[in-house]
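Every chain is numbered from 1 and lettered A, B, ... according to where its sequence line falls, protein lines coming before strand lines.
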Amino acid sequence: MIQAATVETTEIPALKRLLRRSQRRQQVTAIALVAPLLVFLLLTYIGPIGALLSRGILDPEVPSVLPRTTAALATWDGRELPPEVAFAALVADMREARSAGTLAAAATRLNYDINGFRSLMFSTARRLPAEIDSARDTLIGIDPKWGERETWAAIRRASGPVGDFYLLAALDLRRDADGNIVAAPEDQAIFIDVIARTFLISGVVTALCLVLGYPVAYVLATLPARSAGLLMIFVLLPFWTSLLVRTAAWVVVLQREGIVNSLLLGIGIIEQPLEMIFNRFAVYVAMTHILLPFMILPLYSVMKGIPAVHLRAAASLGAPPFTVFRRVYLPQTLPGIGAGCLLVFIQALGYYITPALVGGAEDQMISYLIAFYASRTINWGMAAALSILLLAATLVLCAVYGRLVGFGRVRPG
Amino acid sequence: MNGRKTILAGIAAGALVTVAVAGPAAARDLTVVSWGGAYQDAQREVYFKPFVEATKIKLLEESWDGGVGVLRAKIQGGNNNWDVVQVESEELVLGCEEGLYEKIDWEKVGGKDKLMDDAVHECGVGTIVYNFILSYDADRIKDGPKSWADFWNVQKWPGKRALRKGPKTNLEIALMADGVPPAEVYKTLATEAGIERAFRKLDELKPHLIWWEKGSQPPQLLAAGEVAMTSAYNGRIAAANQNDKKNFRIVWQNSLYTVDYWVIMKGTPNKAQAEQFIHFASLPENQAKLPAKIPYGVTAKAATAMIDPKILPELPTAPENIATALYINEPFWVENLDRLNQRFNAWVAR
Amino acid sequence: MRMTPPEPDMSKLRHVLAQLRGVRKTYDGETLVVKDLDLDIFDGEFLTLLGPSGSGKTTTLMMLAGFETPTAGQIMLAGRDLARVPPHRRDIGVVFQNYALFPHMTVAENIAFPLSVRGVPRSDIAVRVARALDTVRLSGFGERRPAQLSGGQQQRVALARALVFEPKLVLMDEPLGALDKQLREEMQLEIRRLHERLGITIVYVTHDQAEALTMSDRIAVFHRGVIQQIDTPAAVYEQPRNAFVASFIGESNRLAGVVEAIDGAHCRVRLDDGTPILARPIDVGTGDATSVLLRPERITLADPSDPDGSSARNRLAAEIREVIYLGDHTRLRVSLAGRHDCAIKLPAGRRNPVPLPGMRVEAVFEAADCLAFRPE
């Protein structure tokens, strides 16, 4: 560039071409260096996660098992019972699905929407006579539910291939027979509460980590290198033991006849054992312990960069110790606080095992429900929809953080 | 059913199982899947090892924690590597309906008439009878509870209570505690008002409740003094008394019982060996050895006479124990589980 | 730069502002970084603590500021014992080597900081900050961040910040160490000007003897935790009390020898190669080994064929080995009395004889300029 400034103007186009060529070479090299990781991430991370999350909006079971029925219902206005052709389509679909063994998929999906749909499908499929005149009369004869608009509306709602059923359900919403979005019945509404609780627990844990981690990070940053190294080992120790072991250790410590209670009973401070496990308290304690390093490390790295002479300067200028902290030290550690809080909060949002082991039933977080649907009831749609919600909430949070603090100032670890 | 490990061991085992699943699937050994823990330990002594010795058929053990979705995923995923699975009645009913299992050829497994009626199903061969019972630690409570109603009495017996997480069994227990006789329980639950009544009864106890998910947890909770009473699988309590020298008591009054079945996974290449195994495990002389190891009732009619009369009173199938017991109604749960799961989760989280 | 050191104005220095008495400091309980320090700091003076690193000068400054506690002894400021006064109540301004400006505050906020922590009303702060910025010639820079300023500008902000609350005493810890030479000289003058204009008392730490000579009213030369000499720049340069002071301040040729006789103001020294010279004895007696220090600019050259009668004058045969022309003076390296690295500075313009490498000449110097010390 310096050379370019001294070159005659007539040579500049040629020069620009040269510059572009050399830059292009650099770009190609850079892309070649990054490409393997990119491919790796695509295959092992983005792809599978995308595939999982997509199940929150895909609704493939009913259209694939009952193709004729969904086609017939596409033109149904929903005000009356569907026409005979839809009934006939359902009969044909059911026969085929029963022999192919695929009926369960559709029945399970429809049962999420209307309780009892599963039995309705199987009993109907079992009792279909070989020869029928009117599909409509036959079906309603087998079960009067086939004469209800709501039954058919449920099939139409599940006609996919994409749908908002799971996402709405994750927000405690559903569609009624006319397709309007309405609140789920109160005894079925759960997710909003649990998401709010997830955020509350994560927030409290983040605050606890900050309050406990800040002084530790300060000591670490100001100690001479050798003692700091030793203390750092203690800070990092939790990283080297498995999450499960650490959580289980808290059970041993906090339970009714555990170490803490025995100690307190032994020295006579309390007469009845304190209830410290299977409640919110235990969740806070265990999660704070596990996540503390993620707060301390970014704080430490930021604090390490603040010259001690700043504190002396502030004191010499007349600031008492707390003012030095509040006006000189604290503001300079804000990037570390931001990074630490973000790290801890986002990790806390996804916590599942720790609340499951040490928390009570009222302390389960959204990941528990995701795991419940993914591994217990194998309802991938619901698990994916809740994951989408959690991911969206996290992204919103990051965006807010980015606006308030700016990612350029984050210095993690 | 029972035989569940602690969560820790369960998750660790899960990791191992995952590794095992990742291996090659072709030309595999007969794989029998049960519920782990003390129960599977007993099965290993009574069934698995003697079977291998008698037949020279290689047998691979695995364990699982239930859920028809797991079996459905295996069949639909096309990479099923399980042959014989011990399932609860719910999984039996759902999976059979969905065609996840081979139909039982009763000639090959020993004949219907050899087993008690509840053990016979078109897709499954009943193998054990076990109960959800009320249990407490007699070392801590001298004058113990006698019924589910006492389970609710936190004035007389202070302390936490533990129940299995999920609506199944708890709604029945709540209604019986509220005075509904066993014969009326499912009639009551068939109505909205009945379900409402069960949840209202659970509401009363909610501040005192903690939830267990694995069968190994109730004895641990009792041993740690974490709860005063718990619902539990009877076999787990007996095993804790026997192995850990505990003094846990079982209240048989209005216990709930169910049957676990062997099923053969659809399309298995090891069908003949699977039938051979089930036949072996259904022989009365083999079954009669199980209650000595872990006190579950067994299904072969002829086995009861071969069981040591000293341990018979501890078995669910003892006449006085089964007299007031409630047979868990599987069709009711198949019909209502999705809705009641959601409602239970919402209730429990509130 | 002042060409001639001013005579100390004793009337200005009479009032003692701060006093250190018997101050000792040790960090490890074994070695004393500062040994039995007695020091008076006069009101309004510019006192420089000069010494090599590790000599105890910075430690002394930090004890004054309150960041280090004396192991023993007493420090008084304006008649008050500072032992129990924390740094923020000492009313001492400190300027640090790397400025220590707060990066998250603007220039104006930095300067306002000492005022706002003292509860000065907002409107007064604005006025005083503006005045302080004007004083350091940075008006219009108030809204910038420190990182947007050059090193010299940052240093001026640090000065303004340390002066804006009108402290009784301002301490400066090598404040110009991070600047390049030209900027450093500029800032030396600026600080000196500020000192004269504001009439403040400054204690200034440096290891740069030229800087000390340029700026100070008095210089305290530190070595191994002890003040070797405290005097005006001229006195420290011209009348060093010992070999350390003489060699640390300014450039010297060292000639080793033995004192043979002392005769009033002079002594006769036989150098190691046997050459006898006349010197001024400082702290030596007859028969002592000595190190004779001779400033390069005090040596002149004479043609060997041009004899001179002065008896006090030493004349030694020398051979020029190297000639370096430096504009305002010419620097020679010569062999003298058996040593091959003696330096001579010749002022510009005198070219008789014109020195050339290999030339044999006579080095001429006064006995009064040869200071005979006990070797260090």
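- Between C/Lys57 and C/Asp173, no side-chain nitrogen of the basic residue sits less than 4.0 Å from a carboxylate oxygen of the acidic one, so the salt-bridge criterion is not met.
- Note: C/Leu101 leads C/Asp91, C/Asn98, C/Leu101, C/Leu115 in heavy-atom pairs under 4.5 Å with chain A.
- For C/Arg89, no part lies under 4.5 angstrom from a heavy atom of chain A.
- Counting only distance, with no hydrogens or angles, the side chain of C/Arg184 and the backbone of C/Leu179 share a donor-acceptor pair below 3.5 Å.
- A side-chain donor from one of A/Tyr214 and A/Thr333 sits under 3.5 Å from a side-chain acceptor of the other.
- Note on C/Glu190 versus C/Arg197: no salt bridge recorded, every NZ/NE/NH1/NH2 to OD/OE distance being 4.0 Å or above.
- Ranked by non-hydrogen atom pairs under 4.5 Å with chain C, the options A/Pro321, A/Pro307, A/Ala319 are led by A/Ala319.
- The contact between C/Phe67 and chain A is made by backbone and side chain atoms together, counting heavy-atom distances below 4.5 Å.
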Run the numbers on A/Phe345 and A/Phe199 for ring-ring contact (aromatic ring centres under 6.0 Å, His included), then give the verdict. CA-CA 8 Å; A/Phe345 191 85; A/Phe199 275 72; 5.8 Å; yes
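- Ranked by non-hydrogen atom pairs under 4.5 Å with chain A, the options C/Val95, C/Leu171, C/Val117 are led by C/Val117.
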